[in-house]
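What follows is a set of notes on a single structure, which appears directly below.
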Amino acid sequence: MTTPGAPLGTAPSPTAGIVIALLRETLQIGERADGLTAESCLLGAIPELDSMAIAALLMGLEDRLRIVIEDGEISAATFETVGTLCRFVEEKVG
């Protein structure tokens with residue numbers, strides 16, 4: 001798990017690295033992704049994160065991590081912060 005306040009792009013967690021990479025690619029936010037921390041807000045804070053981007057992000061996570069994410073498993077709370085998204089993914093990966 002990542003340390004709150006630590007940049008996730010440099011965290012040792014492979015899951016955090018994948019999440020950050022997918023956020024960078026899917027949202028096309030470039031260097032802005034470098035400053036993301038576990039506390040970084042997603043929904044409402046990153047304009048690029050709309051419903052289509054969320055769908056693309058979830059598909060990317062499923063493809064890269066070989067997991068299945070059911071519709072009923074996700075909520076707005078999943079995308080509250082980078083940390084909540086990473087925790088969700090880590091729980092799915094097991």
Side-chain angles (χ1 to χ4, degrees):
M1 193 168 299
T2 59
T3 304
L8 291 174
T10 59
S13 167
T15 303
I18 291 168
V19 168
I20 293 295
L22 281 170
L23 286 167
R24 179 188 313 271
E25 294 167 20
T26 304
L27 305 179
Q28 299 179 351
I29 58 174
E31 292 179 2
R32 288 173 34 210
D34 295 340
L36 293 175
T37 67
E39 288 98 11
S40 296
C41 292
L42 293 175
L43 282 181
I46 300 178
E48 294 88 350
L49 188 63
D50 59 15
S51 59
M52 294 300 290
I54 288 173
L57 182 61
L58 292 172
M59 289 189 314
L61 289 167
E62 288 179 324
D63 289 345
R64 289 200 187 170
L65 298 171
R66 306 283 189 242
I67 59 175
V68 176
I69 301 171
E70 301 293 335
D71 290 341
E73 294 178 306
I74 56 171
S75 68
T78 305
F79 294 92
E80 185 176 335
T81 66
V82 174
T84 59
L85 180 57
C86 286
R87 281 189 292 280
F88 171 79
V89 171
E90 288 170 350
E91 288 174 8
K92 290 297 295 178
V93 171

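Excluded from the calculations below are hydrogen atoms, water molecules and symmetry mates; all remaining heavy atoms, backbone and side chain alike, are included.
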Side chain proximity check, R24 to D34, heavy atoms < 4.5 angstrom: yes
If we only count heavy atoms from C-beta on, is the R32 to I46 side-chain gap below 4.5 Å? yes
With L27 as partner, the option from L57, L49, L22 fulfilling side chain to side chain contact (heavy atoms under 4.5 Å, CB included) is L49
Pick out which of T81, T84, V82, I54 makes a side chain to side chain contact (heavy atoms under 4.5 Å, CB included) with L42. V82
Any chance you could measure [X], atom [atom1], to [Y], atom [atom2], to the nearest 0.5 Å?
X   : Y   : atom1 : atom2 : answer
I74 : K92 : CD1   : NZ    : 10.5 Å
E91 : I67 : CD    : CD1   : 11.0 Å
L58 : D63 : CG    : CG    : 11.0 Å
D50 : L43 : CG    : CG    : 10.5 Å
L85 : E90 : CG    : CD    : 10.0 Å

Q28 atom CD, neighbour heavy-atom count above 12 within 6.0 Å: no
Do you know which two heavy atoms are closest between C86 and A16, and how far apart they sit? SG-CA, 4.0 Å
Which pair of heavy atoms, one from T26 and one from A56, lies closest together, and at what distance? CG2-CB, 3.7 Å
Common cluster, I29/M59, ILVMFWY with side-chain heavy-atom separation under 4.5 Å: no
